[in-house]
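Presented below is the structure to which this report refers.
Numbers restart at 1 for each chain; the letters A, B, ... are given by sequence-line order, proteins then strands. The shown structure was predicted, so the numbers you read here are calculated from the model rather than taken from an experiment.
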Number of protein chains: 2
Amino acid sequence: MQKNKPDLQKNKSEKYNKILNSAGAVFAEYGFYKATISQIAAQAGVADGTLYLYFKNKDDILYQFINFKTHVVFNKMHAAVEKGVNAEDKLRHLIRCHLEEFQNDKNMAIIFQSEVRYLRDIESQIKDISKMYLDLLSDIIEQGQIEGSIRQDLFVGLVKRFILGAVEGVIRTWVSADGRYDLVSMADPLVDLYLRGVKG
Amino acid sequence: MQKNKPDLQKNKSEKYNKILNSAGAVFAEYGFYKATISQIAAQAGVADGTLYLYFKNKDDILYQFINFKTHVVFNKMHAAVEKGVNAEDKLRHLIRCHLEEFQNDKNMAIIFQSEVRYLRDIESQIKDISKMYLDLLSDIIEQGQIEGSIRQDLFVGLVKRFILGAVEGVIRTWVSADGRYDLVSMADPLVDLYLRGVKG
DNA sequence: TCGAAAAATGAATATTAATTCATGAATAAC
DNA sequence: GTTATTCATGAATTAATATTCATTTTTCGA
């Protein structure tokens, strides 16, 4: 009755990954709605129909793309935070990792920035990432407040958004400059700004 | 030969504005691509064909919407900055104004956040806003550095993105919480964070 | 080497929605 | 009050493209 998607392979299949990457490139270039199945198929070097052996539909391709990338990135961020001992250290590692991952995968960076809306599933997926990230930050900030390296009069909910917003802003600028400069080198100055502020 | 769009009225016409506002609501709810001409027309209480008397096409509606809002908001921001005398004051006024305007027009806030890409025209429009805003910030920061209220060792290009990113982050969070709390009240704590940083 | 099962193909189909335009209503000019 | 001009309508047209599926190709075990 239902289609036989090549099942076991999901993870291994060359073709599945080929399609996913091609989709990433095409979505990043044209945006989800203007990208066509035929473009993705052509980019992956397969027939249009083949995409439907591996994915339910166009939405599903984006969904799986984001899902996959999210997991990879989040694991790395988690590991990065673990490497730090005190709050300041952890924050520094997190920001560096964040910038590094996005710099190394511009398609992902563009898609995360742009395709946040519309597909309900994807919207909530992205909210989840955001939430995970903000939770990481919460922990760091609270630890910092205990250690005394972060002011105790601050509202964690605001601080974490302040930090995330600034990183995203820096990434957005980098994307719109077509990734022509080194993003990772902004990590330290950025962290310095969080910590010390701009006051003379 | 060519259509007669109701010309003189462009600015005055009830209908033009009605359509523009309806479009704002529909775009904000469904996103540009999922929104249909029929929905917008229905919302505005006119026939589908009527939209084409006032706008070239669907893209044009979004273009005009953003264009209009941009001008309004930018003028207000400009005026807000003028009200301050020193850099810190100006920054405070700017951020307050920014949050106020977006709080008062959630549709606009959503659209500015989401429809940044795809339509070439609109992309560059949004870049222009961003640029104007960043230029406002540049001036403030430079003034602050001269006055001594802002550290002189900071790279203006980074500071301004840091500030814009954080405001946008705060707005994004507010939008995704469905505008259920008061956004403007975040202005002062936010400015305090810029200035003093989080360090304990 | 053969043949059954799995995988891939791409032309045909179906759907959706932007845009047009022949027609009709409202408005204004005289 | 009549006519000309502007404005509005919404059904019909058109175009685009996601998805299906009958057919072909490949794989692989016996």
- Think A/Lys15 has a side-chain N or O under 4.0 angstrom from the OP1 or OP2 of C/dA8? yes
- Query: OP1 or OP2 of D/dA8 less than 4.0 angstrom from a side-chain nitrogen or oxygen of B/Tyr54, does that happen here?
  - Reply: yes
Figure out the [atom1]/[atom2] separation between [X] and [N], and round it to whole Å.
{"X": "A/Lys56", "N": "D/dT19", "atom1": "NZ", "atom2": "P", "answer": "11 Å"}
{"X": "A/Tyr16", "N": "C/dA7", "atom1": "OH", "atom2": "C1'", "answer": "17 Å"}
{"X": "A/Tyr52", "N": "C/dA7", "atom1": "OH", "atom2": "C1'", "answer": "17 Å"}
{"X": "B/Lys58", "N": "C/dA17", "atom1": "NZ", "atom2": "C1'", "answer": "8 Å"}
{"X": "B/Ile19", "N": "D/dC7", "atom1": "CD1", "atom2": "P", "answer": "13 Å"}
{"X": "B/Ile37", "N": "C/dA17", "atom1": "CD1", "atom2": "C1'", "answer": "9 Å"}
{"X": "A/Glu14", "N": "C/dA8", "atom1": "CD", "atom2": "C1'", "answer": "16 Å"}
{"X": "A/Asp48", "N": "C/dA14", "atom1": "CG", "atom2": "P", "answer": "18 Å"}

- Task: Name the nucleic acid region contacted by B/Ala35, choosing base, sugar-phosphate or nothing; use a 4.0 angstrom heavy-atom cut-off, strictly under.
- Result: sugar-phosphate
- Message: Regarding B/Thr36, tell me which of base, sugar-phosphate or nothing describes its non-hydrogen contacts under 4.0 Å with the strands shown.
- Response: sugar-phosphate
- Message: The side chain of A/Asn57 is closest to which nucleotide in this list: D/dA8, D/dT19, C/dT9?
- Response: D/dT19
- A/Ala47 has a side chain; which of C/dG10, D/dT9, C/dA7 sits nearest to it? C/dG10
- If you draw the axis of the six-membered ring of B/Phe32, does the NZ or CZ of B/Lys58 fall within 45° of it and under 6.0 Å from the ring centre? yes
- May I ask you to decide if the ring planes of B/Phe162 and A/Tyr194 are parallel, tilted or perpendicular, using 30° and 60° as cut-offs? tilted
- Query: If you round to the nearest 0.5 Å, how far is CD1 of B/Ile150 from CD1 of B/Ile140?
  - Reply: 8.5 Å
- Item | OG1-CD1 distance between A/Thr70 and A/Ile129, expressed to the nearest 0.5 angstrom | 3.5 Å
- Note on the structure: Of all heavy-atom pairs linking B/Phe102 and B/Phe112, the shortest is CZ-CD2, 3.9 Å
